[in-house]
Peer 1: 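Shown below is the structure under consideration.
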Amino acid sequence: MADSNSTLGELFKANVVTHDDLNALVDAVLDGRMEERVDLGEGYTLDVAAAVNANAFATAVLRDKTSTTGARRTAARTAILLARAQKA
């Protein structure tokens with residue numbers, strides 16, 4: 001069950017965040033469109049830039065120009081799933 005301190009991964013498991021939502025967030029990161037906050041289901045929000053910047057591995061992979069697209073997607077996805085969503 002999701003609560004006010006849930007990770008995006010927990011919200012994903014609880015079906016609050018869909019596959020389409022998650023893929024859109026990853027695409028936004030890869031396209032450099034990391035808005036301040038993104039609205040998710042059930043009143044949750046996520047600061048995408050903060051989520052990615054808080055994950056040292058994702059930051060390193062995304063900054064490395066030699067990283068493959070798959071590695072970049074996986075790093076962004078992992079950072080997003082580990083991030084804590086905020087209940088609005």
Side-chain angles (χ1 to χ4, degrees):
M1 180 172 181
D3 64 27
S4 61
N5 197 30
S6 296
T7 65
L8 217 72
E10 292 165 337
L11 294 175
F12 183 73
K13 287 179 186 175
N15 295 318
V16 173
V17 175
T18 66
H19 284 281
D20 289 341
D21 294 334
L22 183 56
N23 289 332
L25 291 169
V26 171
D27 290 342
V29 170
L30 297 180
D31 293 342
R33 297 178 288 114
M34 297 192 293
E35 293 82 22
E36 284 297 310
R37 293 212 174 270
V38 174
D39 293 326
L40 303 167
E42 297 185 20
Y44 287 93
T45 62
L46 178 70
D47 183 335
V48 180
V52 173
N53 291 331
N55 187 295
F57 174 73
T59 302
V61 170
L62 293 169
R63 285 187 180 158
D64 183 353
K65 301 296 183 198
T66 64
S67 295
T68 65
T69 302
R72 295 169 61 78
R73 282 194 78 75
T74 300
R77 180 181 170 92
T78 300
I80 291 167
L81 287 172
L82 292 173
R84 298 239 174 245
Q86 299 297 314
K87 185 77 168 171

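Computation of the quantities below employed the complete heavy-atom set of this structure, encompassing side-chain atoms and omitting hydrogens, waters and symmetry-equivalent molecules.
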Peer 1: Taking it one step at a time, do Arg73 and Asn23 satisfy side-chain contact (heavy atoms from CB on, under 4.5 Å)?
Peer 2: CA-CA 9 Å; Arg73 282 194 78 75; Asn23 289 332; 4.0 Å; yes
Peer 1: Who pairs with Ala28 by side chain to side chain contact (heavy atoms under 4.5 Å, CB included), at least two apart in sequence or on another chain?
Peer 2: Arg33
Peer 1: Please, which pairs that meet salt bridge (Lys or Arg N to Asp or Glu O under 4.0 Å) have at least one residue in residues 50-72, sequence neighbours excluded?
Peer 2: none
Peer 1: What's the separation between atom OG in Ser6 and atom NZ in Lys13, rounded to the nearest 0.5 Å?
Peer 2: 11.0 Å
Peer 1: Report yes or no: does Lys87 contribute a side-chain atom to a donor-acceptor pair with the main-chain N or O of Glu42 at less than 3.5 Å?
Peer 2: yes
Peer 1: Output the distance between atom CG (Leu11) and atom CG (Leu22), rounded to the nearest 0.5 Å.
Peer 2: 11.0 Å
Peer 1: Please test Leu62 against Val29 for side-chain contact (heavy atoms from CB on, under 4.5 Å), starting from the C-alpha separation and ending with a verdict.
Peer 2: CA-CA 9 Å; Leu62 293 169; Val29 170; 3.8 Å; yes
Peer 1: Measure across Ala51 and Ala83 and return the closest heavy-atom pair with its distance rounded to 0.1 Å.
Peer 2: CB-CB, 3.4 Å
Peer 1: Only pairs at least two apart or in different chains count here, so list each side chain to side chain donor-acceptor pair (under 3.5 Å) that has a residue in residues 50-59.
Peer 2: none
Peer 1: Once salt bridge (charged side-chain N to carboxylate O under 4.0 Å, His left out) is applied, do any residues pair with Asp39, and if so which ones, sequence neighbours excluded?
Peer 2: none
Peer 1: Ignoring hydrogens, what is the shortest heavy-atom contact between Ser67 and Val61? Give both atom names and the distance.
Peer 2: OG-O, 2.9 Å
Peer 1: Checking side-chain contact (heavy atoms from CB on, under 4.5 Å) against Leu8, which of Val16, Val48, Ile80 comes through?
Peer 2: Ile80
Peer 1: Going through the checks in order, is the side-chain contact (heavy atoms from CB on, under 4.5 Å) test met by Arg37 and Leu46?
Peer 2: CA-CA 5 Å; Arg37 293 212 174 270; Leu46 178 70; over 6 Å; no
Peer 1: Kindly write out the residues that satisfy side chain to side chain contact (heavy atoms under 4.5 Å, CB included) with Thr74, not counting sequence neighbours, or none if the list is empty.
Peer 2: Thr78
Peer 1: For Asp21, enumerate each residue passing the side chain to side chain contact (heavy atoms under 4.5 Å, CB included) test, keeping only those at least two apart in sequence or located in another chain.
Peer 2: Val17, Thr18
Peer 1: Are Val52 and Leu82 in one and the same hydrophobic cluster, where Ile, Leu, Val, Met, Phe, Trp and Tyr link if side-chain heavy atoms are under 4.5 Å apart?
Peer 2: no
Peer 1: With rounding to the nearest 0.5 Å, note down the distance linking CZ in Arg77 to CZ in Phe12.
Peer 2: 5.5 Å
